[in-house]
Amino acid sequence: MLIDKFDRKIDYIRVSVTSRCNFRCLYCMPNTPFDWIPHEKVMRYEEMFEFLKLAIDEGVNKIRITGGEPLLRKDLDKFIKMLYDYKPELDLALTTNGYYLSEMAKTLKKAGLKRVNISLDSLKPEVAKKIAQKDVLDKVLKGIDEAINVGLGVKLNTVVMKGINDNEILDLLKFAENKNLTIRFIEFMENERAYPDIKRVDSKEILEKISKEYNFKELPKDNSASNYFEMDNGYKFGIIEPHSDNFCKKCNRIRLTAEGFLIPCLFFTESYNIKEAIRDGNIKKAAEILRDVVKNKPEKNDWQEDEVSTRAFWETGG
Ligand code: SAM
Ligand code: SF4
């Protein structure tokens, strides 16, 4: 079992399978990167699988595939199947911008994927285009519908930005409620790679906007990154507030990048190379590195102090 210094049980790994993306979201990678990682530096699926087997044997029971845009990596369904076959009861999830989901959802579900989180930042084609710097909305909406059709669990993620999409909070909430999907509003996390003019809307403001039309109550915090709220009619939505004090208290996750680095915390630059040990076939060493990463997981991120991270979201996978 993986337990850190603050008594948090680490049972969740987010795996970024590529840092490439077909969007250029203002809050993530508006201009960069142009220096894509050379092919040989990227961990092969078999190598990721070797490491993940180790982590699963140590008690990891949830794996989320992310990126960059994970649907850009070839043979993703085969990777999912490897994980599913190793432990069918794993909570196998994916975070995607949804653009290729209408084509791929069925195959991914068949391979063993259980759930998808789909980014949806606007319901207006022009605003979605401004945020992703590409005309995306129609394809993303089709992706959402297809994911529902094939029976995947679906949640929506919205990064709320002042003056860009904060006037759509209620519309997005209603859209999600009509489809019976949970939506989570995410506070923008300041990072050096984002478009400099982006301003966060904090959870208090988000909740104020929602309270103009709905009554809701906060639900007890579990160990997900989100705080959940329940409306009078039973519908639940979430808010992800990394700037709040209790965001990190129940953090149960570490991250693996496409290049084979393990990252204890999304905010900080610390990382541990696991690829070399796996390429050398040195599983004992890989297990030691995994334990070091868990041991050195910081107590909390620095967004709580309103700092700016130097970490790129397209590397860490968010
Ligand atoms: N491309 C996929 C997508 O956009 O869903 C997966 C990778 S993306 C890096 C993972 C998550 O990080 C998305 O939900 C995205 O909205 C979120 N994200 C990226 N940059 C962010 C930022 N600066 N602040 C808050 N969330 C961010
Ligand atoms: Fe791509 Fe996701 Fe980053 Fe947007 S948030 S640029 S879709 S990796």
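Every number for a ligand or one of its atoms is a count from 1 in the order of the listing. Just so it is clear, the structure is predicted and the values come from calculations on it, not from any experiment.
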Pairs satisfying side chain to side chain donor-acceptor pair (under 3.5 Å), at least one member in residues 250-267, at least two apart: Asp11-Asn252
Set of residues that line ligand 1, where lining means a heavy atom lies under 4.0 Å from it: Tyr27, Cys28, Thr66, Gly67, Gly68, Glu69, Thr95, Thr96, Asn97, Ser119, Asn157, Val159, Ile186, Glu187, Phe188, Met189, Asn191, Phe313, Gly317, Gly318
Lys297: which of Asp4, Ile263, Leu2 passes side-chain contact (heavy atoms from CB on, under 4.5 Å): Asp4
Nonpolar side-chain network containing Tyr12, other nodes, edges under 4.5 Å: none
Polar side-chain atom of Ser309 near backbone of Phe267 as donor-acceptor pair, under 3.5 Å: yes
Atoms named by residue and atom, protein N, O or S, within reach of atom 3 (Fe) of ligand 2 (under 2.8 Å): Cys28 SG
Member of Arg115, Arg64, Glu69 meeting the side-chain hydrogen bond (donor to acceptor under 3.5 Å, both in side chains) criterion with Thr95: Arg64
Main-chain N/O of Glu168 paired to Asn165 side chain as donor or acceptor, under 3.5 Å: no
Asp302 side-chain N/O to Glu305 backbone N/O, donor-acceptor pair under 3.5 Å: no
Sub-6.0 Å ring centroid separation between Tyr99 and Phe23: yes
Under 3.5 Å side-chain donor-acceptor pair for Glu187 and His243: yes
